[in-house]
S.K.: 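Pasting in a structure now, in structure tokens, and then I'll have a few things to ask.
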Amino acid sequence: MKSEQAIKSKLEEILGLKPGAAELETPPDKAMGDYAFPCFKLAKQFRKAPNLIAAELAEKLSESGLSAQAAGGYVNFRLDRTAFAKDVLEAYEQAGASYGASSEGQGRAVCVDYSSINIAKPFHIGHFRTTVIGHSLCRIYAKLGYKPVGINHLGDYGTQFGKLIVAYKRYGDRDAIEQNPMIELMKIYVRFHEEAEKDKSLEDEAREWFRKIEDGDEEAQSLFEWFKDMTLREVKRVYDDLDIEFDYYTGESFYNDKMAPVIGELREKGLLELNDGASVVDLAEYNMPPCLILKADGASLYATRDLAAAIYRKETFDFAKSLYVVAYQQDLHFKQVFKVLELIGREWAKDMEHVSFGMVSLEDAALSTRKGNVVLLVDVMKKAVEKAMAIIEEKSPGLADKETAARRVGVGALVFDTLSSNRIKDISFSWDRALNFDGETGPYCQYTHARACSVLAKAEWFPNRNAAFDKRADCHPPLHESPNNTVGADGNLPVKTDIGDNLSDDEAFELLRLIEEFPGAIKEAARKNEPFIITRFALDIAKAFNKFYYEHRIMDDDESIRTARLRLTAATRGVLAEALRLIGLYAPEKM
RNA sequence: GCGCCUGUAGCUCAGUCGGAUAGAGCAACGGCCUUCUAAGCCGUGGGCCAGGGGUUCGAAUCCCUUCAGGCGCGCCA
């Protein structure tokens, strides 16, 4: 029996079930078989004990040449591993760069609103989650044939900037701020809040300055632009290290002149009602508090801006999906916004999704810029890279371009750590965990990749070995830049060798099974908007490879064994590199 | 008060559509480098799946309920 699908079809045929009805499971112990079919549900239908059904089924299946065995109420199957190995490797080698890719997106846009930093606020570890989740989703959707549109919805609007100007004019030192913008701006911002406790007039002053920004006052405007420039300059360094590029930096202020139509439409459709002077959309019918659209003084609010932004994005990109990678504190806000869109007849409201995630806390205290209780991302990155460098100096002193390797491994550890549990879970930031390079970590996966590369290099099997490759020898590029189905760029290596039963051992089989599962894992990650599925996959395949590597000598003296194992190594390496790329990690060739 | 989310090993977390004996990593302890990278591999110990009821042949998983924690609930974003 070659594949899971073939087993299912046969079962359905014998039992007279409709296609797709038979579900297979994986037995708890490999010795039992590769797939299992539980017969308990059939007991009622056939009025027979499950173990009897299993026994009869196993007999019938065996008659038709399958390796089926009854065990209690289960029928266990063993695959024809030789044929399976051939199928999986050929599928991979044929697809090459596009293995796991699909065209289901048909080039349609998926808007991903993520990272969305605040101007003049430091990039702290709390922002890291939205940044890496959003980035990974962009790559996953691109893999499935969508066109991701990465939007950094800047927090560039609000009285906070009035406060900052007041703080700057009172306590700011231009040179100090130029030297170390985010830290210094944070300091004066914190000081503003301390002083404002004592002197309420500061708040009024701040509101006045904010009004001046909006009115286009020259001094206010230029100060604001200065804050914005410094923030973007600093944050782009972080994005460079993470290999992130945004398509748009259209922030909140971008929608200032785009809210009138939607407000008008709400009013026209009779959805807007006055309540204590404010204009709201009542959502009691949907078990939600009212959605505030306009303040009593007529000013717009957060929701107003998001409604305008949603409509703008639909009109501009005609998205298939529009995602908001924002912490779960805003669950209600997005529910309200989506509902209001539905109420004004935007049927595409169903295509919007709040990709919410848990809070990041610091030693049991919430992160708060205002209180100055932050861990800056640049500091964490710096420490991680230093640690990676120290390990490289110790273990691979001869490595070329150690700086790049250290940066990729150090940053990779942080990204991987952030993507290594379900989005919804809260995270308590821990230096120990973030800087751990052992066990289920990014460096572990990267190390495994480098190990595989090392074997392939030794066999002179490295894909695409050429001058360009040598220049970037520190770090392997994504799979799509380096299709490794071109095994033997030297042109003298056999690709279509007969695998025979050289890959029928448990360790090779586990790897083949994972390679086969990769395309499904990508789809599931997209369906759930959960990059963690890919993180888990990367760990699984890395573990399986290390086990394989330990149990079997890849560079065996026997040529047919060696070739088969090298093909498996090449495929594993390619899939692992691609999995890492999908969650935003580089896969170094050496480390 | 109301709503949403979370609760699995000392710690951090997996656990698919309800399936066989609940799995990893960290930390602790003990093994494995003259063979392809030891950032690795193997082993040992560690569990009332928060508690209680129910549905089911079968529940960590579904339903009800209690408890604990987090978040949100009109003029911030």
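Chain letters run A, B, ... following the sequence lines, proteins first, then strands; residues in each count from 1. Note: hydrogens, waters and symmetry copies are ignored here, and every other heavy atom, side chains too, is used. Please read all numbers here as calculations on a predicted model, not as lab measurements.
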S.K.: For B:C42 and A:Lys547 - does any side-chain N or O of the residue sit under 4.0 Å from the phosphate oxygens OP1/OP2?
M.R.: yes

S.K.: Is it true that the side chains of A:Arg423 and A:Asn529 contain a donor and an acceptor less than 3.5 Å apart?
M.R.: no

S.K.: Counting only side-chain nitrogens and oxygens, does A:Lys295 get under 4.0 Å of the OP1 or OP2 atom of B:C76?
M.R.: yes

S.K.: Tell me what A:Asn546 touches on the nucleic acid: a base, only sugar-phosphate, or nothing, going by heavy atoms under 4.0 Å.
M.R.: sugar-phosphate

S.K.: Closest to the A:Ala36 side chain: B:U35, B:C17, B:A20?
M.R.: B:A20

S.K.: Only pairs with both distances under 3.5 Å count, Watson-Crick or wobble alike; so what is the partner of B:U56 in this structure?
M.R.: none

S.K.: Compare the ring of A:Tyr74 with the six-membered ring in the base of B:G19 and state whether they stack (centres under 5.5 Å, planes under 30°).
M.R.: no

S.K.: Mind telling me whether A:Phe545 and A:Phe548 have parallel, tilted or perpendicular rings, with 30° and 60° as the class edges?
M.R.: tilted

S.K.: What is the separation between atom CG on A:Asp297 and atom P on B:G74, rounded to the nearest whole Å?
M.R.: 17 Å

S.K.: Figure out the CD1/P separation between A:Ile554 and B:G40, and round it to whole Å.
M.R.: 17 Å

S.K.: Can you measure A:Asp426 atom CG to B:U12 atom C1' for me and round it to whole angstrom units?
M.R.: 13 Å

S.K.: My understanding is that a pair needs two contacts under 3.5 Å, Watson-Crick or G-U wobble. By that rule, which nucleotide pairs with B:U16?
M.R.: none

S.K.: It should be established whether A:Tyr550 places a side-chain nitrogen or oxygen under 4.0 Å from OP1 or OP2 of nucleotide B:U35.
M.R.: no

S.K.: Select from A:Tyr302 and A:Pro290 the residue whose nearest nucleotide in RNA chain B is closer to the 5' end of that strand.
M.R.: A:Pro290

S.K.: Side chain of A:Asn287, base of B:G3: donor and acceptor closer than 3.5 Å?
M.R.: no

S.K.: Could you check whether the rings of A:Trp431 and A:Phe429 sit parallel, tilted or perpendicular, using 30° and 60° as the cut-offs?
M.R.: perpendicular

S.K.: B:C26, B:A14, B:A24: which one has an atom nearest the side-chain heavy atoms of A:Asn436?
M.R.: B:C26

S.K.: Whole angstrom is fine here: how far is it from NE2 in A:His354 over to P in B:G72?
M.R.: 13 Å

S.K.: Identify, between A:Ser420 and A:Lys458, the residue whose nearest nucleotide on RNA chain B lies closer to the 5' end.
M.R.: A:Ser420

S.K.: Need one value for A:Arg433: base, sugar-phosphate or nothing, where a base atom within 4.0 Å counts as base even if backbone is also close, heavy atoms only.
M.R.: sugar-phosphate

S.K.: Whole Å only: how far is the CG atom of A:Leu419 from the P atom of B:A14?
M.R.: 13 Å

S.K.: If we take the C1' atom in both B:U8 and B:C13, what is their distance in whole Å?
M.R.: 9 Å

S.K.: For B:C63 and B:G25, measure between their C1' atoms and round to the nearest Å.
M.R.: 34 Å

S.K.: So for atom NZ, which belongs to A:Lys383, do other residues, nucleotides or ligands contribute more than 12 heavy atoms lying within a distance under 6.0 Å?
M.R.: no

S.K.: Take atom P in B:C62 and the same atom in B:G43, then report the distance between them in whole Å.
M.R.: 32 Å

S.K.: Measuring from the side chain of A:Phe532 (C-beta onward, heavy atoms only), which nucleotide among B:G40, B:A14, B:G74 has the closest atom?
M.R.: B:A14

S.K.: Checking the side chain of A:His449 only, and the main-chain atoms of A:Pro588 only, is there a donor and an acceptor separated by less than 3.5 Å?
M.R.: yes

S.K.: Find the partner of B:G74: check Watson-Crick (N1-N3 plus N6-O4 or O6-N4) and G-U wobble (N1-O2, O6-N3) distances, both under 3.5 Å, and reply none if neither fits.
M.R.: none

S.K.: Which part of the nucleic acid, if any, lies within reach of A:Gln329 when heavy atoms closer than 4.0 Å are counted: base, sugar-phosphate only, or nothing?
M.R.: sugar-phosphate

S.K.: Do we see a donor-acceptor contact under 3.5 Å between the side chains of A:Tyr447 and A:Asp438?
M.R.: no

S.K.: Does B:C13 have OP1 or OP2 under 4.0 Å away from a side-chain N or O of A:Arg536?
M.R.: no

S.K.: Determine which nucleotide pairs with B:A28, using a 3.5 Å limit on both distances of a Watson-Crick or G-U wobble pair.
M.R.: B:U44

S.K.: For A:Pro289, which contact category applies under a 4.0 Å heavy-atom criterion: base, sugar-phosphate, or nothing?
M.R.: sugar-phosphate

S.K.: Would you say the side chains of A:Tyr324 and A:Asp306 form a donor-acceptor pair under 3.5 Å?
M.R.: no

S.K.: Atom CG of residue position A:Asp557 - does it have more than 12 heavy atoms of other residues, nucleotides or ligands inside 6.0 Å?
M.R.: no

S.K.: Looking only at atom P, what distance separates B:G72 and B:C29, rounded to whole Å?
M.R.: 42 Å

S.K.: By the 4.0 Å heavy-atom rule, please label A:Ala43 as base, sugar-phosphate, or nothing.
M.R.: nothing

S.K.: Mind telling me if B:C33 is syn or anti? Syn here is a glycosidic angle within 90° of 0.
M.R.: syn

S.K.: Do A:Asn76 and B:A20 have a side chain to base donor-acceptor pair shorter than 3.5 Å?
M.R.: yes

S.K.: Touch check for A:Ile392, heavy atoms < 4.0 angstrom, all strands: base, sugar-phosphate only, or nothing?
M.R.: base

S.K.: Write down the distance separating the C1' atoms in B:A22 and B:A14, rounded off to the nearest Å.
M.R.: 11 Å

S.K.: Considering only the P atoms, how many Å lie between B:A28 and B:G70, rounded to the nearest integer?
M.R.: 31 Å

S.K.: Between B:C4 and B:U66, how far apart are the two P atoms, rounded to whole Å?
M.R.: 13 Å

S.K.: Where does B:G74 land, syn or anti, given syn is within 90° of 0?
M.R.: syn

S.K.: Atom CD1 of A:Ile391 to atom P of B:A38: distance rounded to whole Å?
M.R.: 15 Å

S.K.: Can you tell me the base-pairing partner of B:U35? Count Watson-Crick or G-U wobble geometry only, both distances below 3.5 Å, and say none if there is no partner.
M.R.: none

S.K.: Would you say A:Asn422 reaches B:G15's phosphate, i.e. side-chain N/O to OP1/OP2 under 4.0 Å?
M.R.: yes

S.K.: Among the nucleotides B:A14, B:C75, B:U37, which one has an atom lying closest to any side-chain atom of A:Ser421?
M.R.: B:A14

S.K.: For B:G7, which nucleotide in any strand shown is its Watson-Crick or wobble partner with both distances under 3.5 Å?
M.R.: B:C67

S.K.: For atom P, what is the distance between B:G53 and B:A60, given to the nearest Å?
M.R.: 14 Å

S.K.: Please give, in whole Å, the distance from B:G40 P to A:Gln446 CD?
M.R.: 12 Å

S.K.: Please give, in whole Å, the distance from B:A14 C1' to A:Lys425 NZ?
M.R.: 9 Å

S.K.: Quick one: does NZ or CZ of A:Lys228 land under 6.0 Å from the six-membered ring centre of A:Phe224, within 45 degrees of the ring axis?
M.R.: no

S.K.: Which nucleotide in the set B:G25, B:C57, B:U37 lies at the smallest distance from any side-chain heavy atom of A:Glu440?
M.R.: B:G25

